[in-house]
*Asks:* 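If you scroll down you'll find the structure; I have some questions about it.
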Amino acid sequence: MKFYNTLTRKVEDFVPEDPSRVRMYVCGPTVYDYAHIGNFRPMVVFDSLNRLLRHKYGQDAVVYARNITDIDDKIINQAIATETTIDVITDRTIAAFHDDLDALNVAAPDHEPRCTEYVEPMVAMIEELIEGGFAYAAEGHALFDIHSYEKYGKLSKRSLDDMRAGARVEVAPYKRDPGDFVLWKPSTDEQPGWPSPWGRGRPGWHIECSAMSKSCLGETFDIHGGGLDLIFPHHENEIAQSCCANGTEVMARHWMHNGYLTVEGEKMSKSLGNFFTVKQLRDEGWGGEVIRFSLLSAHYRQPLDFSRDKMREMKAQLDRWYGFLKESGDPEAGEVDERVIAALSDDLNTPQAIAILHELTDRPADLKASATMLGLLQQDSESWFKGEVSDDENAEIEALIEKRKQAKADKDFATADQVRDQLTSMGIVLEDKSGGVTEWKRG
RNA sequence: GGCCCGAUGGCAGAGUGGUGAUGCAGAGGAUUGCAAAUUCUUGUACGUCGGUUCGAUUCCGGCUCGGGCCUCCA
C-alpha cells in the first residue's frame, strides 16, 4: 500500500510500525452545531481507509481513534446565544452527528475520546512542556514557544519568518513570539474551567489531540488524518506539542489530508453560508448512501464540488447496481475483487475502485463484496428501491397494480396508463417484467 | 507579501512518455401496448507558450485562470 504523506509531499509506501496493531487518528468535529457535509468528507474517506486497513491487516488489527471536541469557545458562545447549557449543546450535537454517521454507513471508531474526559492528561502534557523548556506560563495562560522546536513548520512547509510576515491577528502582549500558541487559557467564572497550575481555565485547541492520541494510541502511531485546513496550524502544533513533550522524533508517521468540499467552486464553509447539512439533505429525501457515494466519487485529495446534480447521478449509479443485485436475488457477498484492493491501496483511489465496480455487474456477489470496501451496496435491494413501506401503502399499491394488470388483459390501455399515472403521482414507478409480472419502486 | 494545490471530452472523473479508463448525459439499434429496466453500437479531451524527447495530455520552465492556507474552519 502507498499513500500520499503530507510530511514529505510524496506518495510513500505504507508500512505500519506494528502490523498487528495499525493505529490511526482522525480529527473529529467540534460539536457546537450541525456539521455540514464538508465536515463529513474526512469521516467517509477515513472510514474507507479503515475498511481497507482491516481488510489488509485483519479486522482486529486496526485501532482507530476519532475525537470529539467538546470544549471550545464556539460551544460556549452557542450556549450563550441560544440561552442553554453547554451540555445540552454538545449532547444534542453529538447525537445528531452519530445519527448522520449511521446514515452514511460510517463505522464507529475503536475510540471516540471527548476532550472533557482528557483534561488531566492535557494538563500533565502542558506541565511536561513547561518543564522541558518548550512552553511558558504568562498571565494565566500557558503558551508553546515555537522557537524551542527546530522542526516547527515542517509539516506545513512554513518558516518562522513566513509566519511572522503573515501574522494578521492582534498579538497578545504576553506572547514572546506572535506565533506562540495557547496551550491553556483562563476561564471566567461563567465559562467552564478546570483547575490547573496556571489557575482555573480550559485547554487550547491543539493540545487535546496530542493528549488524546497519546492516551488512545501511544506516543507515535501510523496515520493521522483530517481535512486540508488542519495542516496549519492545528497539525503543525500537535506535532510540536507531542514530539517535545514525549521526546519523540515523530508523532504520526503518515499524515493524510483530504481536499475541500466546494460549492460552485468555492470552499464550503459556515462563514460563507454555502453549506448543506447532512440532516438537510436527508430531509430532502436523499439517502445516506447517495451522500456517501458522492463523497467518494472524487479522489480524496482533490476538491469535490458537491451538488444535487451529483447526488442525482450517484443515485442513478446505485440504482443500476442494486438492480443487478435484485435480478440475481440479493446474493451473499462473494470475493472482493483484487483490482479494487489495488486501486484503494494506491493512495485510496476511490474513483478507480468505482470504475472497477462497474465492470463487476456480471458478478453480483463479488460486486457486493467489493463495494463493502467503500461502504456501499450493503442493504438489500428491496429496501433500497422501496424504502419504508407500510402495510396499508403496500396494499394500495398492489391493488392498483392488479387493476392495471386487468386493464391490460382487457386491452384497455387508457385505463392501464391512467393507473400508471396515478402511481407516478404517488412517487411509484412500475416496471413490467417478463411473464406478466409488474414490480414497483420509488421514483 | 509568503506558501500550497489544481486546470482532461456536454458534465463528473481516473490515468498514462507512444495502441484515447469509467459513469452520467447525447445519438442510433434490439426489446417494449406505453413506460421503465436491460442490452448492442457510437461521437467529442487533455488551459496557454516554450523546452527535453524519435514521440508529451503525461517530464521541466514561463504565463493565464481558478481554489486554498498564513493562529483555533474537516
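In what follows, every chain begins at residue 1, and chains take the letters A, B, ... in the order their sequences are listed.
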*Asks:* What is the distance, to the nearest angstrom, from the CG atom on A:L230 to the P atom on B:rA74?
*Replies:* 7 Å
*Asks:* Which residues pass the salt bridge (Lys or Arg N to Asp or Glu O under 4.0 Å) test with A:K74, sequence neighbours left out?
*Replies:*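 So A:K74 forms a salt bridge (Lys or Arg N to Asp or Glu O under 4.0 Å) with A:D72.
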*Asks:* Write down the distance separating the P atoms in B:rU38 and B:rC46, rounded off to the nearest Å.
*Replies:* 31 Å
*Asks:* When both hydrogen-bonding distances must be under 3.5 Å and the geometry is Watson-Crick or G-U wobble, what is B:rU16 paired with, if anything?
*Replies:* none
*Asks:* If we take the C1' atom in both B:rG33 and B:rU16, what is their distance in whole Å?
*Replies:* 50 Å
*Asks:* Under the rule for ring-ring contact (aromatic ring centres under 6.0 Å, His included), what residues qualify as partners of A:H141, not counting sequence neighbours?
*Replies:*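 A:H141 satisfies ring-ring contact (aromatic ring centres under 6.0 Å, His included) with A:Y174 once adjacent residues are dropped.
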*Asks:* Of all residues at least two apart in sequence or in a different chain, which pass the salt bridge (Lys or Arg N to Asp or Glu O under 4.0 Å) check with A:K403?
*Replies:* none
*Asks:* What is the distance from CG of A:L104 to C1' of B:rA74, rounded to the nearest Å?
*Replies:* 14 Å
*Asks:* Write down the distance separating the C1' atoms in B:rU8 and B:rG13, rounded off to the nearest Å.
*Replies:* 9 Å
*Asks:* Within the 4.0 Å heavy-atom criterion, would you say A:N349 contacts the bases, only the backbone, or no part of the nucleic acid?
*Replies:* sugar-phosphate
*Asks:* A:W205 has a side chain; which of B:rC70, B:rC72, B:rA74 sits nearest to it?
*Replies:*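 Closest nucleotide to the A:W205 side chain: B:rC72.
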*Asks:* Rounded to whole angstrom, note down the C1' distance from B:rC59 over to B:rU53.
*Replies:* 10 Å
*Asks:* State which residues pass side-chain contact (heavy atoms from CB on, under 4.5 Å) with A:E439; sequence neighbours excluded, sorted by chain then number.
*Replies:*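 Only A:K326, A:K433, A:V437 meet the side-chain contact (heavy atoms from CB on, under 4.5 Å) criterion with A:E439.
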*Asks:* Name the nucleic acid region contacted by A:T350, choosing base, sugar-phosphate or nothing; use a 4.0 angstrom heavy-atom cut-off, strictly under.
*Replies:*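 No contact.
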*Asks:* Check whether any side-chain N or O of A:K74 sits under 4.0 Å from OP1 or OP2 of B:rC73, and answer yes or no.
*Replies:* yes
*Asks:* My understanding is that a pair needs two contacts under 3.5 Å, Watson-Crick or G-U wobble. By that rule, which nucleotide pairs with B:rA35?
*Replies:* none
*Asks:* When you measure from every atom of RNA chain B, which of residues 352-372 of chain A have a heavy atom less than 4.0 Å away?
*Replies:* A:Q352, A:A355, A:H358
*Asks:* Write down the distance separating the C1' atoms in B:rA45 and B:rA7, rounded off to the nearest Å.
*Replies:*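 That atom pair is separated by 13 Å.
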*Asks:* Grab the CZ-P distance between A:F275 and B:rA74 for me, whole Å please.
*Replies:* 12 Å
*Asks:* Parallel, tilted or perpendicular: which describes the rings of A:Y152 and A:F232, with under 30° parallel and over 60° perpendicular?
*Replies:*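 Plane angle over 60°, so perpendicular.
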*Asks:* Just do the salt bridge (Lys or Arg N to Asp or Glu O under 4.0 Å) check on A:R282 and A:D99 with the steps written out, would you?
*Replies:* CA-CA 11 Å; A:R282 288 169 66 199; A:D99 190 49; 3.2 Å; yes
*Asks:* Considering only atom C1', compute the distance from B:rU58 to B:rA74 and round it to an integer number of Å.
*Replies:* 32 Å
*Asks:* Quick check on RNA chain B: between A:R41 and A:E327, whose nearest nucleotide comes earlier from the 5' end?
*Replies:* A:E327
*Asks:* Could you state the atom-to-atom distance from CZ of A:R9 to C1' of B:rG6 in whole Å?
*Replies:* 14 Å
*Asks:* Counting only Watson-Crick or G-U wobble pairs whose two distances fall under 3.5 Å, which nucleotide matches B:rU42?
*Replies:* B:rG26
*Asks:* Excluding sequence neighbours, so at least two apart, what forms ring-ring contact (aromatic ring centres under 6.0 Å, His included) with A:H235?
*Replies:* A:H224, A:W255, A:H257
*Asks:* Would you be so kind as to tabulate the donor-acceptor pairs closer than 3.5 Å made by side chains of residues 408-417 of chain A, with sequence neighbours excluded?
*Replies:*
unit_1 : atom_1 : unit_2 : atom_2 : d
A:K408 : NZ     : A:D432 : OD2    : 3.1
A:D410 : OD1    : A:Q406 : NE2    : 3.2
A:D412 : OD1    : A:T415 : N      : 3.3
A:D412 : OD1    : A:T415 : OG1    : 3.1
A:D412 : OD2    : A:T415 : OG1    : 2.4

*Asks:* For a quick check, with a 4.0 angstrom heavy-atom cut-off, what is the B/S/- contact string for nucleotides 29-36 of chain B, read 5' to 3'?
*Replies:* ----BBBB
*Asks:* Using the P atom in both, what is the distance from B:rA37 to B:rA25, to the nearest Å?
*Replies:* 8 Å
*Asks:* Reckon A:N237 has a side-chain N or O less than 4.0 Å from the OP1 or OP2 of B:rC72?
*Replies:*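 A:N237 to B:rC72 OP1/OP2: no side-chain N or O under 4.0 Å.
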*Asks:* When rounded to the nearest Å, what value does the distance between C1' atoms of B:rA21 and B:rG61 take?
*Replies:*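 Roughly 30 Å separates the two C1' atoms.
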*Asks:* Can you tell me the distance, in whole Å, between the NZ atom of A:K267 and the C1' atom of B:rG68?
*Replies:*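 Whole-Å distance recorded here is 7 Å.
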*Asks:* Would you mind reading off the distance between A:L272 atom CG and B:rC69 atom C1', rounded to a whole angstrom?
*Replies:* 14 Å
*Asks:* Across all strands, who's sitting opposite B:rG47 as a Watson-Crick or G-U wobble pair, both distances under 3.5 Å?
*Replies:*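 Per the H-bond distance test, B:rC63.
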*Asks:* Just call it for A:G225: base, sugar-phosphate, or nothing, with non-hydrogen atoms closer than 4.0 Å on any strand.
*Replies:* nothing
*Asks:* Between A:Y4 and A:K185, which has a closest nucleotide on RNA chain B that is more 5'?
*Replies:*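 First, find each residue's nearest nucleotide; the 5'-ward one identifies A:Y4.
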*Asks:* Using whole Å, report how far CD of A:E266 lies from C1' of B:rG6.
*Replies:*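 These atoms are roughly 16 Å apart.
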*Asks:* Give A:M43 one of three labels, base, sugar-phosphate or nothing, depending on what nucleic acid heavy atoms sit under 4.0 Å from its own.
*Replies:*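 The residue A:M43 makes no contact with any strand.
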*Asks:* Give none if B:rU57 has no partner; otherwise give the nucleotide forming a Watson-Crick or G-U wobble pair with it, both distances under 3.5 Å.
*Replies:*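 Across any shown strand, B:rU57 pairs with none.
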*Asks:* Can you tell me the distance, in whole Å, between the CG atom of A:L101 and the P atom of B:rA74?
*Replies:*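 Spelled out: CG on A:L101 to P on B:rA74 is 14 Å.
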*Asks:* Sequence neighbours left out, what passes ring-ring contact (aromatic ring centres under 6.0 Å, His included) with A:W205? Give chain and number order.
*Replies:* A:H234
*Asks:* By ring-ring contact (aromatic ring centres under 6.0 Å, His included), which residues pair with A:F293, not counting sequence neighbours?
*Replies:* A:W321
*Asks:* Do A:C27 and A:C209 touch side chain to side chain, with heavy atoms closer than 4.5 Å?
*Replies:*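 Yes - at least one pair of side-chain heavy atoms lies under 4.5 Å apart.
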*Asks:* Do A:D100 and A:F40 have side chains that approach each other closer than 4.5 Å (heavy atoms only, starting at C-beta)?
*Replies:*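 Counting from C-beta outward, A:D100 and A:F40 do come under 4.5 Å.
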*Asks:* Is the cationic atom of A:R41 (NZ for Lys, CZ for Arg) positioned less than 6.0 Å from the six-membered ring centroid of A:Y300 and within 45 degrees of its normal?
*Replies:* no
*Asks:* Hey, could you give me each pair passing salt bridge (Lys or Arg N to Asp or Glu O under 4.0 Å) that has a residue in residues 201-212 of chain A? Not counting sequence neighbours.
*Replies:*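 Every salt bridge (Lys or Arg N to Asp or Glu O under 4.0 Å) pair that includes a residue of residues 201-212 of chain A, provided the two are not neighbours, is A:D73-A:R202.
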*Asks:* Go through residues 299-326 of chain A and report each residue with a non-hydrogen atom lying under 4.0 Å from RNA chain B, sorted by number.
*Replies:*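 A:H299, A:Q302, A:K310, A:E313, A:Q317, A:R320, A:F324, in order of number.
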